[in-house]
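Structure first, then comments.
We use all heavy atoms of the structure for the numbers below, so side chains are in, but hydrogens, waters and symmetry mates are not. Proteins get letters first, then strands, A, B, ... in listed order; numbering begins at 1 in each. Because the structure is a prediction, the values reported are computed rather than measured.
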Amino acid sequence: MVFVQVITGGLLLGAIYALFSSGLTLIWGMMNFINFAHGEFVMLGMYVALLVMVWLAGGPAIFGIAAAVALAALGIVIYFSLIRHVIRGPMLAQILSTFGLALLLRYSAFWIFSSNFRSLPPNALSGTINLGGVFLPVAQLVAGVAAIALTIALHLLLTQTTVGSKLLAVAEDRTAAMLMGIRPDRMQALAWGLSAGAAGIAGALMATAYPWSPSVGETFGLIAFVVVALGGFGSVLGSLYAGLIIGLIQAVSAYWLGAIYKDIVVYGLFVALLWFRPQGLMGKA
Amino acid sequence: MKNLAVPHLRLVLLAAALLAYPLVFSSAFYRDVGVTFLLAAISASAWNIVGGYAGQVSVGHSMFFGLGAYTPLLFYTLFGWSPIAGIPVGIVLSVVLAVVIGMPTFRLTGHYFSMATIAVAELIRIFVGTWDFVGAAIGLQGPAVARGWWDLTFRSELPYYYVFLAVLAVVLVTTAIVESRRFGFYLRAIKASERAARSLGVPVRQTKLKALALSAAFTSVAGSLYACKTGFIDPDSGFGILVSVQMVIVAALGGAGMLFGPLLGAAILIPLQTATNTWFGGGGSGLTYILYGGIIVLIARFEPGGLFELWHRIWPQRRSRAHAA
């Protein structure tokens, strides 16, 4: 029974990994661009949830939406003020722009919120639930299920709607999309909004179930790399599967080897992937 | 070639200034700043070979620095050997690691290489932190009192200063030679356009691998020097991400892909860092890193060529005159 609990917990955490990683893979697919500050977006989403709850006494639905909206706005601002200018510049500028942003956000969070671990005050999602002998925190269950639903929603948005087609058109061929009357700049800004918004709401969901400190951004950023590398660059559905797999691997290795080894196993998997299947599980060669 | 066009007079003046610095500013504080400056310049110059000239932006160079820092102290702890004995071992391990990382990632785009370097550095940091053989989270210590000069453990800052200066000279001369050879032209061709370089017959992967290996070897030496001087190393000061950040920012601020870029970057950042640490107290504030992040973003957004390029743009005539001379 303990093992079932470990597996369920891993899958539910993996669902949240899938949600924020789908934001990273979206930007990669759209613009061939890696956002090194993506984990910091997740971390900021957690603090937005905390602030909304403490100051405005908002419930889970309110702080979830607040985190999504706040981070989406931040993503759009960052696109227009920074990314748009470096995207056609040298590789050095592309990588340094979000890498510097990550440092700026991470250490500003240390400065403002201190390095102490935080968790949300008791709320509607506190408590545990008994599912046929498997005890799960309600928050973990709700967060995991919501994350899967949102990742699938993002996938459907990209594949089934006009907006999604426009986004993919810009990704495919910027000039051709422009000739079809699509404004690439707006679409790319939208992609940044969606990507950061997904990270923000993933952060808020995670905050309901797990304690955190400003340093989690670095870990989540790396986990998102691993998920995207496993699922294939640019594939939202791929990152859904890969996120669940990574969550599972982490939970099982923490259970068998001890908690400190769970990240070693995941990053080791990343290095192995680089060697043997650099295009990812679902990616095309 | 343009860097070789720096007039010899300026080069002599620079060398004289660096040689005279610890004699003019003889207080322990200023000498320590000088040593820190040299160390930052050495590691950033080493990073510059692959990150600047070849345009392959590593954000995990701390893995080579950490290897170089750990091996001397590990040999001292295990066998009581002089830390010098560990330096070549660190170099060999770093080159092997460079090949292991470079082989798969250099087939893919530059972003992939950056992701891989950051992940591998983090993997090694966590792993070393759990491995009792290398001191786990506590780290390793060097000789407290030197048994002789070969321990590279001095009471005064002065010997460190000149040893570091000599190593910096070796790194810069090597880079200058690389710059003027065919290899250097290959590197710049790859940076400008990998596809174009390949179509002209440049062995792209091989060249990138060589650049990474050379860069890793020098970074490892920088790590060894750091460990010998500090007499102590732990996972964060060896493999931590901030070690990599410092190399990147020092090189990029001065001018990535320019011979003296890292020197200029270190000359600005190290005094700045010392000042913020003195004013705001210790690294606990993290203010230095907020500042670093801000500077990196500003460089990327407005001046990816660094301050040297800005200088050349503001005073273009000077440069052409220098070329004519």
Got a second to check how far Trp111(A)'s CH2 is from Ile290(B)'s CD1, nearest 0.5 Å?
6.0 Å
Heavy-atom contact with chain A under 4.5 Å, split by part of Leu242(B):
side chain
Report, in residue-number order, which members of residues 192-200 of chain B are under 4.5 Å from chain A by heavy-atom distance.
none
Rounded distance [0.5 Å steps], CG in Leu291(B) versus OH in Tyr107(A)
13.5 Å
Any residue of residues 77-92 of chain A which, by heavy atoms, sits under 4.5 Å from chain B:
Ser81(A), Leu82(A), His85(A), Val86(A), Pro90(A), Met91(A), Leu92(A)
For residues 21-31 of chain A, give me every residue with a non-hydrogen atom less than 4.5 Å from any non-hydrogen atom of chain B.
Trp28(A)
Using side-chain heavy atoms (C-beta onward) and a distance below 4.5 Å, is Leu123(B) in contact with Phe270(A)?
no
Counting heavy-atom pairs under 4.5 Å with chain A, the top scorer among Thr130(B), Leu298(B), Val248(B) is Thr130(B)
Note: Tyr112(B) and Ala229(A) closest approach over all heavy atoms is OH-CB, 3.8 Å
Heavy-atom distance under 4.5 Å between the side chains of Phe99(A) and Ile118(B), does that happen here?
yes
Nearest heavy-atom pair of Ser114(B) and Ile95(A): which atoms, and what distance?
OG-CD1, 3.0 Å
Do you know which of Arg301(B), Glu122(B), Gln56(B) has the most heavy-atom pairs under 4.5 Å to chain A?
Arg301(B)
For chain A, which of Val245(B), Ile124(B), Ile249(B) has the most heavy-atom pairs under 4.5 Å?
Val245(B)
Ignoring hydrogens, what is the shortest heavy-atom contact between Val271(A) and Val120(B)? Give both atom names and the distance.
CG2-CG2, 3.8 Å
Which atom of Leu96(A) lies closest to which atom of Ala252(B), heavy atoms considered
CD1-CB, 3.6 Å
Looking at chain A, which one of Gly52(B), Gly55(B), Ala256(B), Ala116(B) has the largest number of heavy-atom pairs inside 4.5 Å, strictly under?
Ala116(B)
At a 4.5 Å cut-off on heavy atoms, which part of Leu101(A) comes close to chain B: side chain, backbone, both, or neither?
both
Identify the heavy atoms of Gly100(A) and Ile296(B) that sit nearest to each other, and give their distance.
CA-CG2, 3.6 Å
Minimal heavy-atom distance between Ala300(B) and Ala93(A), with the atoms involved, is CB-O, 3.5 Å
Let me confirm one number: the CD1-CG distance from Ile295(B) to Leu104(A), rounded to the nearest 0.5 Å.
10.5 Å
Heavy atoms under 4.5 Å from chain B: which residues of residues 254-266 of chain A carry them?
Ile260(A), Tyr261(A), Asp263(A), Ile264(A)
